[in-house]
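Have a look at the structure below, then the notes.
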Amino acid sequence: MNFLPKGICLYLSVAACCFPSGVDSSWWYMGTLGSQVMCDNIPGLVSRQRQLCRQQPRVMEAVGAGVKDWISECQHQFRSHRWNCNTAQKDHTVFGKLLLRGSREAAFVYAISSAGMVYTLTRACSQGELETCSCDPRKKGSSRDAKGSFDWGGCSDHVDHAMKFTQVFVDAKERKERDARALMNLHNNRAGRKAVKRFMTLECKCHGVSGSCSVRTCWQAMGDFRQTGDYLRKKYNSAVQVVMNRYGTGFTSAYKKFEKLTKNDLIYFEESPDYCMWDHESGSVGTGGRVCNRTSRGADSCEVMCCGRGYDTSRVSRTTKCECKFHWCCAVHCRDCHEEVDVHTCKAQS
Ligand SMILES: *[C@@H]1O[C@H](CO)[C@@H](O)[C@H](O)[C@H]1NC(C)=O
């Protein structure tokens, strides 16, 4: 595939100029455009998405800025695995061809990208960055929890608003297709959106005579996005392989016919490649050059990571802070220590 350089493409601002049709692309690409999201420059947006993009450019800017956050959470979750949520450089599909397959990894990426969009938008709303939303307007007056009554105060994160927008925007693409893969994506998108809400907590401040907490003001706050990442990672581990039901309206588990699927489960159709080798067809980049751990027995062990191809070892010197001493008052002085460590990296295929 010969793409024109992206710069030229942006210049012409005609998406159709540079990209072969039929290659999957999506709103994820906005993350690489920085603040200059131009709705016409994102190949792969469907007309409804383009329309929303033009109507709410500030929202799109926020969404684009948030892409790097959920991608880095994805990479954190899979840092010690063969597939490490790597993105394809200078590629408008962001993840390369890998996600064309309806794999478990595709399920995870669809879920965490939807979750990431909900998270980003909710935060932007709470921080007053957008004109179209703010704190949750329903959290007014007083309410009760297990500890008694409290007054709503401060800013409650308005996750429901962000969930709605995310659903309309992200799902617009899948609603145009209506094939099995689109239904899979819709399911995983929803699981991702719902995951964020799971980690909302009530936070309170105490008032009253000498901190008696006789009066409380509380607000609903999202947890750290890491919690959502950890949760979806668990859902990835227990993801369910499915087949379409005979009416083509939904799914059943491929191997346990009577297993009940829930809306929180991630679902997928196809087995994953082993991600060992560079493979143009599947989009796998392989594990050549990846760092592995010689003493581990897990997925990051050199045996598993390098798929039996073996590894190279090199000595690298690292500088760390050491012998830190506290000086009264108030400074900490450290020495720079050099240490030599062995770094093992997987051999590329021969
Ligand atoms: C390698 O794996 C071992 C065992 O799981 C662990 O204790 C060690 O911290 C790991 N080393 C690195 C550099 O991650």
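Throughout, residue positions are numbered sequentially from 1 according to the sequence presented. Whatever order the structure lists them in is the order used to number ligands and atoms, beginning at 1.
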Under 30°, 30 to 60°, or over 60°: which ring-plane class applies to Phe326 and Trp328, parallel, tilted or perpendicular? perpendicular
Neighbouring protein residues of ligand 1 - any heavy atom closer than 4.0 Å: Asn293, Thr295, Ser296
Let me see the working for Ser284 and Arg82 under side-chain hydrogen bond (donor to acceptor under 3.5 Å, both in side chains), right down to the final yes or no. CA-CA 10 Å; Ser284 167; Arg82 286 180 189 162; over 6 Å; no
Can you run down the disulfide (SG to SG under 2.5 Å) pairs that involve residues 152-192, sequence neighbours left out, and say none if there aren't any? Cys135-Cys155
Under 2.5 Å between the SG atoms of Cys334 and Cys324: is that the case? yes
Check for me whether Arg101 meets the cation-pi criterion with Tyr268, that is, NZ or CZ under 6.0 Å from the six-membered ring centre and within 45 degrees of the ring axis. no
Check the angle between the aromatic planes of Phe108 and Tyr236 and answer parallel, tilted or perpendicular using the 30° and 60° thresholds. perpendicular
